[in-house]
Amino acid sequence: MDKNNLSKKVGLLLAGCFITFNALGQTTIKGQVVDATGEPVIGASILVKDTKNGAVSDLDGNYKLDNVKDGSVLVFSYLGYRTQEIPVKGNHVINVSLKENDEVLDEVVVVGYAVGSKRTVSGAVDRIKKEDMNKGVVTSPAEALKGKVAGVIISQAGGDPTSSPSIRVRGTSSLSGGNDPLIIIDGVFADMTMFNSLAPGDIESLTILKDASETAQYGSRGASGVIVVTTAKGKLGYSSLSYNGQFGVNTVYKNLDLMSASEYRETAKSLGLTYTDMGGDTNFLEEIERNVGLTQNHNISFSSGTDTSSLRASLGFVLRQGALKNSDMKNFTAKLDGTQYLFDKHLKLELGIFGSQRNSNIQYDMHKMFYSATAYNPTYPNVRNDKGEWDEDLLANEVWNPLGLLDIDDFYKDASVNVHGKATVNIIDGLTVSAFGSYNYWNRDNKFYIPNNIQMGKLNGNGWAYIANTNRKDYMGNVMVNFSKNFGKHHIDALALMEGQKYTYDWNSQEAHGFDTNYFKFNNMKAAANVSWGNLQSNYTEYTLSSYMARVNYMLADKYIATVNVRTDGSSKLGNGQKWGWFPSASLAWVISNEPWMKKIK
């Protein structure tokens, strides 16, 4: 036998043995994850320890993991349950029953206006602490929360650093109204803009109220769910100085495969089409995109405390650059919180100040930009002509030179300031009275200028400048009485609330057309030749809201829980006889795991 043939056969035999042994060393593991009552746990995390190989349990609690080595250890985890580690040891089916984490159940949870623990709450409530949030390059609270809570869907337009993420709690609840959840930050009514301006490092915990029994505390505004944000505060008797920073880069992972200039010419000729040949060879999609976009997040904080007071101050900066060359976002934040106890801690005073400024550069018409970039004639050059203008394809329909669209300036500046304070008096053991007040100011400047030497500018009156300014002021105050007490096997939490809010909103805009020069852009509107009827607009809105709310939470023998909420809101927006609405709710819960007969079941 030929030695070369023998060597090849031996080599193939050894390679086959190696592949066989390697395959035998790996297997597929499947199983089901349930809780102590046997109910499937949806969204539980199953991870091969010390690897990135993992899976998530489905609607039936089932999971499947491929390529698991025989000596591996599987880590099962889910929020509110104890983490379990189970060696594979040759098993192909591993079923797991997760046990509730008693420490998590007893943790203090801010449930809207009320404060309790997950053990005493009958509604659907999830709490995410700072250590449970997403790690890595996280630049917004939504990114920190994404994927952490079942039933909360968070999505964001890819490549646009200025877009606000969409948050849906248990799906879409309205066809015509808003579907964003109500945001409460340290007791202050907020919105997605204020939520996204928070620095992730300033957040201590996030509590999500999902069902009607808990969201009814906020009336109709809580119909799409409620996210209660508790920010970090200074700690009594503790001082610290800390810095947290992340840096990342991003790039377009995959682009459309566009025709080159030569392919374009050949295709047009083969189809007998008339086309303009400018002698260039340009991939316009690559021309409008950044090679590398930067992401930065920096946060520095100082906290100090004594036995009776605490203080925390922080500064933050976030930079996000998008896929397009002229898209980026910069967010500057400053936060100050202080707490003071007086009269042997019978009086507690709290003060919070938060300010942010968010500067955004965006593409004026994102859809037009990408549509033009993918459809534009690639024989057009990527440089200006002798007139200093971008050549336009007059044979094209609904597309313009993408490099000309990059010359459009579209700028947003969002600035906000919030000041809030609270005084809490401890009357007797278990009975407190508190007064809370807040003032929130938000301003948005939007300015754009479309040059007179690009096609869009020529079609809009030879240059188009636009300026809009929006101001919103929110005033809120409430007085609340809280009672919490244990009577043997009985535990009761009760509160009564009286609240008033006032909102003012004013908006104005101006626009002008016909500019002889692009030098001033939107900074000199009188340089324009034309100001038409309707180019100057303004609006002012003001309304008030009065509310009363009562809540009782009762627990018997650490097993049976009942919660009743009643809220009524009166709005000045509505007509006489229709101003008030009632929002009652009730819920029951049974902690079956605390039954003596259940404790015997393992």
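Counting only residues at least two apart or in different chains, ring-ring contact (aromatic ring centres under 6.0 Å, His included) contacts with residues 199-231 comprise Tyr113-Tyr218, Phe189-Tyr218. Sorted by first and then second residue, the ring-ring contact (aromatic ring centres under 6.0 Å, His included) pairs with a member in residues 423-442 read Tyr439-Tyr475; sequence neighbours excluded. Within the structure, side-chain hydrogen bond (donor to acceptor under 3.5 Å, both in side chains) contacts touching residues 427-436 (residues at least two apart or in different chains) are Asp429-Lys485.
Asn196 and Ser140 are not linked by any side-chain donor-acceptor pair at a separation below 3.5 angstrom, with hydrogens and angles left out of the test. At a cut-off of 3.5 Å, with distance as the only test, a side-chain donor of Tyr243 or His298 sits close to an acceptor on the other residue. Using modelled atom types, one finds no donor on one side chain facing an acceptor on the other under 3.5 Å when comparing Thr333 with Lys335. For Asp558 and Asn594, the side-chain atoms include no donor-acceptor pair closer than 3.5 Å. Side-chain N/O atoms of Asp445 and Asn469 include a donor and acceptor closer than 3.5 Å. Judged purely by distance below 3.5 Å, without hydrogens or angles, the side chains of Asp202 and Thr231 never pair a donor atom with an acceptor atom. Judged by distance alone, the side chains of Asn244 and Gln246 do bring a donor and an acceptor atom under 3.5 Å apart. In summary, the side chains of Ser304 and Ser239 do present a donor paired with an acceptor at a separation below 3.5 Å, with no hydrogens or angles considered. Counted by atom type alone, Gln501 and Asp474 present zero donor-acceptor pairs between their side chains at under 3.5 Å.
Side-chain contact check for Ile353 versus Asn418: every heavy-atom pair is 4.5 Å or farther apart. Counting heavy atoms from C-beta on, the side chains of Val48 and Val73 never come closer than 4.5 Å. Residues Glu214 and Val125 form a side-chain contact, since some pair of their non-hydrogen atoms from C-beta on lies under 4.5 Å apart. No side-chain heavy atom of Asp410 sits less than 4.5 Å from a side-chain heavy atom of Asn361. Looking only at side-chain heavy atoms (C-beta outward), Asn440 and Arg472 come within less than 4.5 Å of each other. Using a 4.5 Å cut-off on side-chain heavy atoms (C-beta onward), Asp493 and Tyr554 make no contact. Counting heavy atoms from C-beta outward, Tyr505 and Tyr540 have side chains that stay 4.5 Å or more apart. Under the 4.5 Å side-chain criterion, counting only non-hydrogen atoms from C-beta, Met329 is in contact with Arg358.
One finds a salt bridge joining Arg168 and Asp180 here, because a Lys/Arg side-chain nitrogen approaches an Asp/Glu carboxylate oxygen to under 4.0 Å. Contact check on Glu85 versus Lys49 returns a salt bridge, with a Lys/Arg side-chain nitrogen under 4.0 Å from an Asp/Glu carboxylate oxygen. A salt bridge is defined here as a Lys NZ or Arg NE, NH1 or NH2 lying under 4.0 Å from an Asp or Glu carboxylate O, and Lys573 with Glu542 fails to meet this definition.
Around the NZ atom of Lys330, the shell of radius 6.0 Å holds no more than 12 heavy atoms that belong to other residues, nucleotides or ligands. Counting heavy-atom neighbours within 6.0 Å of Lys473 NZ, excluding the residue itself, gives a total of 12 or less. Enclosure of atom CG in Asp307 is not indicated, since only 12 or fewer non-hydrogen atoms of other residues, nucleotides or ligands lie within 6.0 angstrom. Heavy atoms of other residues, nucleotides or ligands lying less than 6.0 angstrom from CG of Asn291 number 12 at most. Under a cut-off of 6.0 angstrom, the local environment of CZ in Phe487 is crowded, with over 12 non-hydrogen atoms contributed by other residues, nucleotides or ligands. For Lys502, the NZ atom sits in a loose shell: 12 or fewer heavy atoms of surrounding residues, nucleotides or ligands are nearer than 6.0 Å.
Panel note: side chain Arg290, backbone Leu324; a donor-acceptor pair is recorded below 3.5 Å. In this structure a side-chain-to-backbone donor-acceptor pair under 3.5 Å is missing from Ser356 to Ser197. Remark: the backbone N or O of Lys422 is not paired with any side-chain donor or acceptor of Lys348 at under 3.5 angstrom. At least one donor-acceptor pair closer than 3.5 Å links the side chain of Gln340 to the backbone N or O of Thr308. Side chain of Asn446 to main chain of Phe411: a donor-acceptor pair is present (N/O by atom type, distance under 3.5 Å, no hydrogens or angles). Looking at Thr568, its side chain never comes within 3.5 Å of a backbone N or O of Trp582 through a donor-acceptor pair. With Asp191 contributing its side chain and Thr193 its backbone, the two residues share a donor-acceptor pair below 3.5 Å. Ser57 places a side-chain N or O within donor-acceptor distance of the main-chain N or O of Val41, the cut-off being under 3.5 Å.
Using the six-membered ring where Trp is involved, Tyr503 and Tyr543 have ring planes that are parallel, under 30° apart on the 30 and 60° scheme.
In terms of heavy-atom proximity, Val138 sits nearest to Asn297 at O-ND2, 2.8 Å. Thr139 and Glu143 make their closest contact through N-OE1, 2.8 Å (heavy atoms, listed as atom of the first residue, atom of the second, distance). Nearest heavy-atom pair, Pro181 versus Val226, reported as atom, atom and distance to 0.1 Å: CB-N, 4.4 Å. Between Leu47 and Asn53 the shortest heavy-atom distance is CD1-O, 3.3 Å. In this structure, Asp337 and Gly352 approach most closely via the heavy-atom pair OD1-CA, 3.6 Å. Across all non-hydrogen atoms, the minimal contact from Pro165 to Ile154 is CB-CG2, 4.3 Å.
Val425 is linked by a side-chain contact (heavy atoms from CB on, under 4.5 Å) to Leu347, Ile427, counting only residues two or more places apart in sequence or in another chain. Listed by chain and residue number, Phe195, Leu198, Ile203 satisfy the side-chain contact (heavy atoms from CB on, under 4.5 Å) test with Pro141 (two or more places apart in sequence, or in another chain). The salt bridge (charged side-chain N to carboxylate O under 4.0 Å, His left out) check on Arg567 picks up Glu499, Asp569, with sequence neighbours excluded.
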Could you walk me through whether Asp414 and Arg444 pass salt bridge (Lys or Arg N to Asp or Glu O under 4.0 Å), step by step? CA-CA 5 Å; Asp414 293 278; Arg444 165 172 283 183; 2.7 Å; yes
Worked verdict on Asn471 versus Asn443 for side chain to side chain donor-acceptor pair (under 3.5 Å): CA-CA 5 Å; Asn471 293 286; Asn443 170 265; 2.8 Å; yes
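Of the candidates Leu294, Val137, Thr295, Thr295 is the only one forming a side-chain contact (heavy atoms from CB on, under 4.5 Å) with Asn250.
In this structure, CG in Asp506 is found 9.0 Å from OG1 in Thr541, a value given to the nearest 0.5 Å. Distance check, rounded to the nearest 0.5 Å: CG of Asp409 to NZ of Lys447 gives 11.5 Å.
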